[in-house]
Asker: 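Take this structure, written in structure tokens, and hold onto it; I'll ask about it next.
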Amino acid sequence: MLDIVVVRRDPDRVRRSAKRRGLDPSFVDEILRLDSEYRSALAGLENAKAEKNLVSGRIGKAADKAAAARDAKPQLDALAAQIAHHEALAKALSPESSDSPLRELLDGTPNLLDDSVPDGSDEDANVIVRTWGTPRAFDFSPKPHWEIGEELGVLDFERAAKLSGSRFTVLRGMGARLTRALAQFFLDRAAARGYVEISPPYLVSRETMWSTGQLSKFSDAMFQDSGADLFMIPTAEVPLTALHGKEILAGDDLPRKYAAYSPCFRKEAGAAGKDTRGLIRQHQFEKVELVWLTRPEDSFASLERLANDAETLLQELELPYRVAALCAGDTGFNAAKTYDLEVWLPAQQAYREISSCSNCTDFQARRASIRFRRDASGKPELVHTLNGSGLAIGRTLVAILENYQEADGSVRVPAVLQPYLGGTGRITGA
RNA sequence: GGAGAGGUGGCAGAGCGGUUGAAUGCGGCGGUCUUGAAAACCGCUGAACCUUUGCGGGUUCCGUGGGUUCGAAUCCCACCCUCUCCUCCA
């Protein structure tokens, strides 16, 4: 959620950002109009209440309270009617009311883009910031991961479809073990870099989901239990970011760095026909997520460090990748700035997203109310939140299968993972 | 799922329906004292929003939402959550 004060004071900045995202900026004027209407309604309400409080207070101090109450009755009745009138008006306009038009507009307004975000409407305009590693030269034709996996017996798409339908995978033998090894490896590295490991709930309340900005009104991306009103997390970013919601942290406690392994559940409703083969796009996948809570002035420097933490994992796995600065049109609702890490997939002859690292500035912190105090006498301020995958486990498995495949159909195990697999250096079957 | 207890400020813990945004203690901040520190003593110490150039003024908040009343932390109703016991269960 944007700061309404920023919209009031610097509407041009909001318009500019919205335009860069490809939105019609006229909603800004609508917000300004509704906001000023709301505030005048609020002033009317508060004045009437102040007067009523004054009269009531006088009754409380009178010697004969009953008589005083009787005398004041006509005046108080009139005030009560006034208050009721203003109250209805203010409530209908208030950004706090879940069905007010102002709230709807604010809810639908994405974060302000950072000036460093490149212009552009879609991923073709993303800017490659750096590239690491050299794609391996194969002396045979590299197979896609689903072929490798099925032939080795580590991936089973048919049985997954039997159990659950499309976009699910059964991992078998070394496939399952490698997945577990990756989770362990990522978490160990995160711990070494100062992240506190969290094992969060995988189901969260509507309020939690809303507070981190995942629950935009038109989003049907999530699985949910409508009875209990719980949502299956689409990423551990949700519980990790909301962990300190409605809290005021001590300034000394920042930055806070958290890492969590979790399954992630996504409907992928808008992706029909995309990545239908293999485990690139699944309804259920695993991920280690990294989240930072920082002081406002530190968040952009922290984004570089967060991205670097994720990159290090790819370097240790010796997987070639590149880093893309997402353009305005490709940057998500919550983010002021995002880097995508894209890993090389030889079968596709393409770099594919394996991590997304974003600085959400105060956008999520405002909704979730995550604040800190600079010093004991200071006022609470909103923290900045950042999140990034470190890394997506399924896609890392894809990258390993494809990049480490051999002509005989076997797959070598990256050196850093071997200790997690009892020293196994090569996968020759499940 | 059944029974009971409870939800008040950073924490602990009071609170006859009327200057109670809330006693008291702890913690925190500032000061006195001290070579320094501790102790002791004194003072200050919740949040959001509206308004004001500023000083300030106002409204709201004691789990949430309703209700009674001129007036509610205090009375009534519903809901949520936590804890204890039982039941069940990985």
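What you see below is based on every heavy atom in this structure, not just the backbone, and it leaves out hydrogens, waters and symmetry mates. We name chains A, B, ... by the order of the sequence lines, and we start the count at 1 in each one.
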Asker: Does the side chain of A/H244 come within less than 4.5 Å of A/Y258's, by heavy atoms?
Answerer: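 Side-chain contact under 4.5 Å: yes.
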
Asker: State, without any angle test, whether A/T312 and A/R193 hold a side-chain donor-acceptor pair at a distance under 3.5 Å.
Answerer: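 The criterion, which ignores hydrogens and geometry beyond distance, is satisfied for A/R193 and A/T312.
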
Asker: Rounded to the Å, how far apart are A/L249 CG and B/G10 C1'?
Answerer: 12 Å

Asker: Taking for each residue the nucleotide of RNA chain B bearing the nearest heavy atom, is the 5' side occupied by A/I4 or by A/G57?
Answerer: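 Taking each residue's closest nucleotide, the earlier one in sequence belongs to A/G57.
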
Asker: Using Watson-Crick and G-U wobble pairs with both distances under 3.5 Å, what is the 5'-to-3' dot-bracket string of RNA chain B, with [ ] for crossing pairs and | for pairs outside the strand?
Answerer: ((((((((.[[[..)..(.....]]]((((((.......))))))((((((....)))))).[[[[[..)....]]]]])))))))....

Asker: Which nucleotide wins on minimum distance to the side chain of A/K49, given the candidates B/A48, B/C50, B/U60?
Answerer: B/U60

Asker: Any chance you could lay out the salt bridge (charged side-chain N to carboxylate O under 4.0 Å, His left out) test for A/E207 and A/K246, step after step, and finish with the verdict?
Answerer: CA-CA 12 Å; A/E207 190 189 353; A/K246 298 179 188 166; 3.0 Å; yes

Asker: May I have the distance from A/L45 (atom CG) to B/U59 (atom P), rounded to whole angstrom?
Answerer: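 So the CG-P distance, A/L45 to B/U59, works out to 11 Å.
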
Asker: When the distance from CD of A/E207 to P of B/C80 is rounded to whole Å, what number comes out?
Answerer: 15 Å

Asker: Taking atom C1' in both B/U74 and B/G67, what distance in whole Å separates the two?
Answerer: 15 Å

Asker: Return the 5'-most residue of the pair A/P380, A/A50 with respect to RNA chain B, ranking by each residue's nearest nucleotide.
Answerer: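 Its nearest nucleotide lies further toward 5', so the answer is A/P380.
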
Asker: Heavy atoms only, 4.0 Å cut-off, all strands: where does A/N53 land among base, sugar-phosphate and nothing?
Answerer: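 If one applies the 4.0 Å heavy-atom cut-off, A/N53 turns out to touch the sugar-phosphate alone, with no base involved.
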
Asker: Polar-atom pairs under 3.5 Å, protein N or O versus N or O of nucleotides 66-74 of chain B: list them with distances, or write none.
Answerer:
unit_1 : atom_1 : unit_2 : atom_2 : d
B/C70  : O2'    : A/S56  : OG     : 3.0

Asker: Using a strict 4.0 Å threshold on nitrogen-to-oxygen distance, state whether A/E158 and A/R172 make a salt bridge.
Answerer: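 No, this pair does not count.
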
Asker: Can you give me the closest heavy-atom contact between A/L106 and A/P95, atom names plus distance?
Answerer: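 Nearest heavy atoms, A/L106 then A/P95: CD1-CB, 4.1 Å.
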
Asker: Measuring only the C1' atom in each nucleotide, how far is B/C61 from B/G4? A whole number of Å is fine.
Answerer: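 It comes out at 30 Å once rounded to the nearest Å.
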
Asker: Take atom P in B/U24 and the same atom in B/G15, then report the distance between them in whole Å.
Answerer: 15 Å

Asker: When you compare B/C62 with B/A14, how far apart are their C1' atoms, in angstrom units rounded to a whole number?
Answerer: 13 Å

Asker: Quantified in whole Å, what is the P atom distance between nucleotide B/C80 and nucleotide B/U64?
Answerer: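 Roughly 15 Å separates the two P atoms.
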
Asker: How many Å lie between CD on A/E46 and P on B/C61, as a whole number?
Answerer: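 Answer to the nearest Å: 12 Å.
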
Asker: Without decimals, in angstroms, what is the distance between A/I83 CD1 and B/U60 C1'?
Answerer: 13 Å

Asker: Taking the P atom in each of B/U59 and B/U20, what is the distance between them to the nearest angstrom?
Answerer: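 Taking atom P in both B/U59 and B/U20, they lie 15 Å apart.
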
Asker: How are the rings of A/F185 and A/Y420 set to each other: parallel, tilted or perpendicular (split at 30° and 60°)?
Answerer: perpendicular

Asker: Could you check whether A/R8 gets within reach of a base, just the sugar-phosphate, or nothing at all, counting any heavy atom under 4.0 Å?
Answerer: sugar-phosphate

Asker: Given the C1' atoms of B/U45 and B/G25, what is the spacing between them in whole Å?
Answerer: 15 Å

Asker: Any salt bridge between A/E316 and A/R189, counting N to O under 4.0 Å?
Answerer: yes

Asker: Kindly write out the residues that satisfy side-chain contact (heavy atoms from CB on, under 4.5 Å) with A/D122, not counting sequence neighbours, or none if the list is empty.
Answerer: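 A/D122: side-chain contact (heavy atoms from CB on, under 4.5 Å) contacts with A/D124.
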
Asker: Distance between the C1' atoms of B/G65 and B/G7, in whole angstroms?
Answerer: 16 Å

Asker: When you check the gap from the basic side-chain N to the acidic O, do A/D12 and A/K19 get nearer than 4.0 Å?
Answerer: no

Asker: Can you tell me how far P of B/G9 sits from CD1 of A/I248, to the nearest Å?
Answerer: 12 Å

Asker: CG of A/D253 versus P of B/G10: gap in Å, rounded?
Answerer: 15 Å

Asker: Choose from B/A47, B/U60, B/C49 the nucleotide whose nearest atom is closest to any side-chain atom of A/R371.
Answerer: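 Looking only at side-chain atoms, A/R371 lies closest to B/A47.
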
Asker: Do A/R33 and A/E30 meet the salt-bridge criterion of a basic N to acidic O distance under 4.0 Å?
Answerer: yes

Asker: Separation of A/E247 atom CD from B/G10 atom P, in whole Å?
Answerer: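 Those two atoms, CD and P, are 11 Å apart.
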
Asker: Is the side chain of A/R21 donor-acceptor paired with the backbone N or O of A/N111 at a distance under 3.5 Å, no angle test?
Answerer: yes

